[in-house]
Amino acid sequence: MCGIIGYVGDQSALDISLQGLRRLEYRGYDSSGIAVVGAGELRTARRAGKLANLEKLLAENPEPDPMPGTTGMGHTRWATHGGPTDVNAHPHIDCTGAIAVIHNGIIENFALLRAELEAGGHELASETDTEVVAHLLEVELAGDPDPDPDPAAVSHPLAAALRRVCRRLAGAFTLVVVHRDFPEVVVGARRNSPLVVGLGEGESFLASDVSAFIAHTREAMEIGQDQVVEARRDGVIVTDFEGRPVQNRRYHVDWDASAAEKGGYPYFMLKEINEQPTALADTLRGRLSPQGAIVLDEERLSAQDFRDVDKVFIVACGTAYHAGLIAKYAIEHWTRLPCEVEMASEFRYRDPVLDRSTLVIAISQSGETLDTLMAVKHAREQKARVLAICNTNGSTIPRESDAVLYTHCGPEVGVASTKTFLGQVAACLLVGLYLAQVRGVLYGDEVAAYVERLQRMPELVERTLGRLEPIRELARELVDAKAVLFLGRHVGYPVALEGALKLKELAYMHAEGFPAGELKHGPIALIEPGLPVLVVVPSPRGRANLHDKIVSNIQEVRARGARTIVIAEDGDVAVEPYADHVIRVPETTSLFAPLVTTLPLQVFACELALARGLDVDQPRNLAKSVTVE
Ligand code: AGP
């Protein structure tokens, strides 16, 4: 939810922190702050609102270097405990003014700890849960040395103190700490929230994700659950919370800084919409064999594991949940396995029936969504096998799963998911076809026919993007609409939900998605003259009668005065008499249609939000990665 960068090296920690925060701001933009250690001082600066407010504050400082020093950290906040004010902005400091702390997550037992600290004479200035950590560190550093059980562990006192504090914390946290008297070190810790290390030449970075330091180094290291990292110029030492040294996986980040920049577009979202053909091609690459088979050899489950499955559960949130709904249609159709799709936040609270022959597919762009992570943990406790579909190398959900299928969409910075939705849908289709292939429920030539059609999808996505000007014009025309309904059937229904979600989050409009057949059971009462209704029409070559039924549904809403905007494939003339506007998409296989029908809805929401003067990269109240439950 919040973005974190820590640095120790020879460069200006202020510059590095600001650069990192610019890349991390998508994670939260309620406030931001920086702490720098240098010349025997700890200096902090923080401001409510977007990063620009902090930059302005720093620019107004008359000193040539307002925060001198080469050790420091920065934070961009998505508020949980305490409103988005200057006082609640991170970093938070202890009573002595020597220790600064930044935090992502929620410390669930903070009230108890705060009461204890206040009883001991500490004065806490903010309403945040985070501030207790600064004061607990103060207590620890003033007290006895670390009683680490492993005498071989060589630790900095700040790391040892942080370990002792972490052992007292409940909840989810990434913490990064600097100390006025220890400019040689930046210390971090994590539980259920993301933290990665960047390993540079003579410098080290701690960050919520690699985009924060990718301009400086592409060598990264994962930090595991319940670990503390001590970062110095010449490398890092990682231990668990008990002080035992651990060896973590190092990896090379295979995209560069330009992938995390706007590349000439005014907004990341516009860039990411246009990157969809490449994102889709990259996700499919290497997974479709020239012989027409599905090759999923990079994940860690065997073909036999897939043969043993007798039920599939999909858990995810938001857009990823919509990708999961599409997967259900494909998996049940191709494999004849029962498949349930569940919002991850509900999953573990209703006793789902799982066992070792259940395959749970957890879909998450960030790999850090806490609701999804908790669902994964719950599934594994019930002995189910978990396959993650994820876009972020080194993130938590893949690490906590039995296997992972990465979508290779590149970094997605816009808060609204676009290209990664297409990657998730493609990955789900691959898993569905693979299950059918290894279980022998589809013939080899049937799989080959799907493979051939999947290979053509990136080009169809490209063609679709090239013909969306009419929906842009329409979006601008509808700038003052009060609400919009989205209807669909079959895989068009999750697409309708996704269209509505995009419009809600970007344009702050009331928008609902319904299965078109459900309309007459209640929602049709919402139809009033002029209400825009977008309808995602299935192919007339698809399921028998389905097309005719949705044409009837379009007539029903039009008869009640709705303005009908119909997304239909080329050559579908049957919709024309009942459509006020027809947006054309190329012909596709029914189950692949979401890869093209979603695009006009993304563009519609984006254009309408822009016409309303809104920031489509950073919609209000949202954050890219939701690391609280
Ligand atoms: C969609 O535009 C949102 N960004 C949101 O619904 C998102 O899909 C959801 O929070 C899940 O995120 P994840 O894929 O990173 O787990």
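Here, residue 1 is the first one in the sequence, and each next residue gets the next number. Just so you know, these numbers use all the heavy atoms, side chains as well, and skip hydrogens, waters and symmetry mates. Atoms within each ligand, like the ligands themselves, are counted from 1 in listed order.
When only modelled atom types and interatomic distance are considered, Q276 and Q602 share a side-chain donor-acceptor pair under 3.5 Å.
From the protein, the heavy atom lying nearest to atom 16 (O) of ligand 1 is T369 OG1, 2.4 Å. Atom 9 (C) of ligand 1 has its closest protein heavy atom at C317 O, 3.6 Å. Looking from atom 10 (O) of ligand 1 to the surrounding protein, the closest heavy atom is V626 CG2, 4.1 Å. In this structure, atom 3 (C) of ligand 1 lies nearest to the protein heavy atom E505 OE1, 3.7 Å.
Under a 4.0 Å criterion applied to the non-hydrogen atoms of S364, ligand 1 contributes the atoms 13 (P), 14 (O), 15 (O), 16 (O). Distances below 4.0 Å separate heavy atoms of Q365 from the following atoms of ligand 1: 13 (P), 14 (O), 15 (O), 16 (O). Of all atoms in ligand 1, numbered sequentially from 1 with element shown, those under 4.0 Å from a heavy atom of T319 are 1 (C), 2 (O), 6 (O), 8 (O). Atoms of ligand 1 lying under 4.0 Å from at least one heavy atom of S366, given by number and element, are 13 (P), 15 (O), 16 (O). Below 4.0 Å from some heavy atom of S417 lie the following atoms of ligand 1, by number and element: 1 (C), 2 (O), 4 (N), 8 (O). Remark: ligand 1 atoms within the under-4.0 Å shell around heavy atoms of G318 are 6 (O). Applying the 4.0 Å criterion to heavy atoms of K502 picks out, from ligand 1, the atoms 1 (C), 2 (O).
At a 4.0 Å heavy-atom cut-off, ligand 1 does not touch K624 at all.
The shortest distance between side-chain heavy atoms of D615 and K50 falls below 4.5 Å.
Around atom CZ of R476, more than 12 heavy atoms belonging to other residues, nucleotides or ligands sit under 6.0 Å away.
Nearest heavy-atom pair, E400 versus V376, reported as atom, atom and distance to 0.1 Å: O-CG1, 3.6 Å.
Ring-plane geometry between F604 and F486 is classed as perpendicular, the angle between the planes exceeding 60 degrees on a 0 to 90 degree scale with a lower cut at 30. Between F205 and H216, the ring-plane angle classifies as parallel under the 30° and 60° cut-offs. Ring pair H90/H75 is parallel by interplanar angle, where below 30° counts as parallel and above 60° as perpendicular.
On a distance-only criterion, V415 and ligand 1 share at least one N/O pair closer than 3.5 Å.
Using a cut-off of 4.0 Å between Lys/Arg side-chain N and Asp/Glu carboxylate O, E340 and K328 are scored as not salt-bridged.
For R620 and Y508, the positive end sits near the middle of the six-membered ring, less than 6.0 Å away and at most 45° from its axis.
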